[in-house]
Asker: 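Starting off with a structure, shown below.
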Amino acid sequence: MCYGFGHCYTAFTSGPMDIVMLVKIAVIAVLVVIVFSLFGALRSLVRNQEGDKQRTVKMLAYRVGFSALLLVMLGVAFALGWIQPHGLKG
């Protein structure tokens, strides 16, 4: 049953809005992983202990990899028509 808004979506329905919502959730999840990786590198850089240089480089490499993954995901979603660009309204 739906109350309030005109559309009700569950995790088990299939339709174009579900794909859009999954893309949005995936983008947010990858952005969160990128931020955690960046702050992990910052933490190991600030601690400046033995072996932390390798950890800093590894965390920054993960960040670059996840950023590339995000660009590929957005490109595929755009190419398949799951997301649409919009201009500034005004």
Asker: Is there a path of hydrophobic side-chain contacts, each under 4.5 Å between heavy atoms of I, L, V, M, F, W or Y residues, that connects Ile34 with Phe36?
Answerer: no
Asker: Treat each ILVMFWY residue as a node, draw an edge where side-chain heavy atoms are under 4.5 Å apart, and state whether Leu70 and Val76 are in one component.
Answerer: yes
Asker: Is there a side-chain contact between Thr56 and Leu60, using heavy atoms and a 4.5 Å cut-off?
Answerer: yes
Asker: How close do Met59 and Ser37 get, heavy atom to heavy atom, and via which atoms?
Answerer: O-OG, 2.6 Å
Asker: Hydrophobic cluster membership, with links at side-chain heavy-atom distances under 4.5 Å among I/L/V/M/F/W/Y: are Val32 and Val27 in one?
Answerer: no
Asker: Transitively linked via ILVMFWY side-chain contacts under 4.5 Å: Val33 with Leu38?
Answerer: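 Shared cluster, no.
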Asker: Hydrophobic clusters here meaning ILVMFWY residues chained together by side-chain heavy-atom distances under 4.5 Å, can you tell me if Val72 and Val30 are in one?
Answerer: yes
